[in-house]
Amino acid sequence: MMLRDETLMALGEVIEEGDIVVAVYQSLFDWMEIKPRDLNYVATGAMGQASSHGLGLALANPERKVFVFDGDGSLLMNLGTLATIGEAASENLYHLVFANGTYEVNGGHPVPGGKNIDFASIATACGYPHSFRFSSLRKMQGMLAEIISCKGPVFMALDIEPGKKYPWKYDYIHSSEARDRFRRALNQG
Amino acid sequence: MKSLEYPSGKQIIKQLQMAGVRFVVSLPDIVTSSGLLWPIARNSDFELIRVCKEDEGVSICAAMSYNGTRAVLLMQQTGLMDSLNSIRAIAMDYQLPVVMMVGLQGKEPEPEPEQSSVYGVRIIPSVLEAMSVSYSLIQEPSDALTIQDRIGSCYADSKPHVFLIGRTPIE
């Protein structure tokens with residue numbers, strides 16, 4: 001079993017200072033509390049666009065690792081992104097999907113397909129050279145260093161359960177303050 | 001009767017190069033296919049990112065802009081219409097310089113877009129005006145000469161702009 005907040009804490013141990021993290025919805029709200037940092041990219045609009053922002057950042061910043069913390073409902077809304085990313089073959093892009101089978105921040109309604117969709121296999125078929133699926137935090141932690149040393153695009157499907165819920169800070173993620181903070185951090189030095 | 005003149009694909013591409021555009025993000029559009037997209041695909045000055053849906057391109061171009069990397073999203077007006085929520089949220093609400101070049105598929109060569117007999121073409125200027133999105137028409141050859149400056153203004157002001165391609169660019 002993988003609780004989302006514990007999974008994010010484990011990922012926080014391997015994310016380095018110069019890495020970019022693009023996250024969405026509850027994973028974003030949790031991540032902002034667990035690992036507040038200037039290179040958290042929080043303004044992705046809506047409708048499943050996080051991985052497309054991640055690809056743009058990865059292409060424009062090849063010297064940095066870019067991590068996308070996607071949701072299953074979000075990815076289903078923009079599934080073609082997997083073929084786009086597979087084709088673009090960004091070596092610095094790490095695409096993680098936190099799959100809980102629901103639209104959690106929109107009332108907890110089930111996503112089509114529930115928890116049955118094998119996103120890792122779809123990613124492999126779309127050209128990601130490395131795809132993984134985990135339902136155990138311990139197993140993920142055991143492989144994390146090796147996975148992050150792989151050249152991307154790398155895909156990880158994480159079958160998670162909600163953990164502690166952190167507050168929804170919509171006003172902040174859509175604010176010019178958040179975008180300016182990221183821009184300054186990206187371009188400093 | 002004066003014969004119609006068509007914009008030059010080479011001139012448009014030159015303007016993109018002079019504007020410092022490095023990435024072209026695109027879905028194919030029959031209006032711009034021969035005169036723009038195929039030449040861009042063969043031009044090593046550009047990195048072409050092929051997307052599956054146009055709203056991906058809005059996000060890709062917007063994210064690239066954070067470190068000043070310049071990009072253009074090349075698509076058809078059907079893709080523009082399909083991407084309106086991304087343009088609303090990412091380009092307008094977030095005030096990011098997303099530059100779009102849009103082939104008006106089905107438009108007759110002579111009239112302005114607003115006078116087209118094709119509903120899907122005729123509504124485009126009104127839709128953009130309703131959203132307060134800046135746009136300009138590339139229809140006559142001289143229209144292409146405005147591209148470099150307009151792209152520069154987009155990035156200077158951190159705002160989106162749509163170039164509507166009103167006649168098929170010649171190769």
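Just so you know, these numbers come straight off a predicted model, no measurement behind them. Chain identifiers are assigned alphabetically (A, B, ...) following the order of the sequence lines, protein sequences preceding nucleic acid strands; residue numbering begins at 1 within each chain. Quick note: numbers below take in every heavy atom, side chains included, and nothing from hydrogens, waters or symmetry partners.
- Contact annotation for B:Leu96: only side-chain heavy atoms (C-beta onward) come within less than 4.5 Å of a heavy atom of chain A.
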Audit row: A:His95, A:Leu82, side-chain contact (heavy atoms from CB on, under 4.5 Å) steps and yes/no: CA-CA 9 Å; A:His95 188 181; A:Leu82 294 176; 3.9 Å; yes

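- Ionic pairing of A:Arg184 and A:Asp38 is not present here: no N-O contact between side-chain nitrogen and carboxylate oxygen is shorter than 4.0 angstrom.
- Each of A:Leu79, A:Thr44, A:Val22 has some count of heavy-atom pairs under 4.5 Å with chain B, and the biggest count is that of A:Thr44.
- Looking at A:Leu59, the atoms closer than 4.5 Å to chain B (heavy atoms on both sides) sit in the backbone and in the side chain alike.
- The contact between A:Glu87 and chain B is made entirely by side chain atoms (from C-beta outward), counting heavy-atom distances below 4.5 Å.
- Proximity to chain B is absent for every atom of A:Ser51, based on heavy atoms less than 4.5 angstrom apart.
- With rounding to the nearest 0.5 angstrom, the OG atom of B:Ser26 is 8.5 Å from the CD atom of B:Glu54.
- In this structure, the portions of B:Asn67 lying under 4.5 Å from any heavy atom of chain A include both its backbone and its side chain.
- Neither the backbone nor the side chain of A:Ser176 comes within contact range of chain B; no heavy atoms are under 4.5 Å apart.
- Only the side chain of B:Arg22 comes within less than 4.5 Å of a heavy atom of chain A; its backbone N, CA, C and O stay farther away.
- Listed here is the closest heavy atom pair of A:Arg133 and A:Lys115: NH2-O, 3.7 Å.
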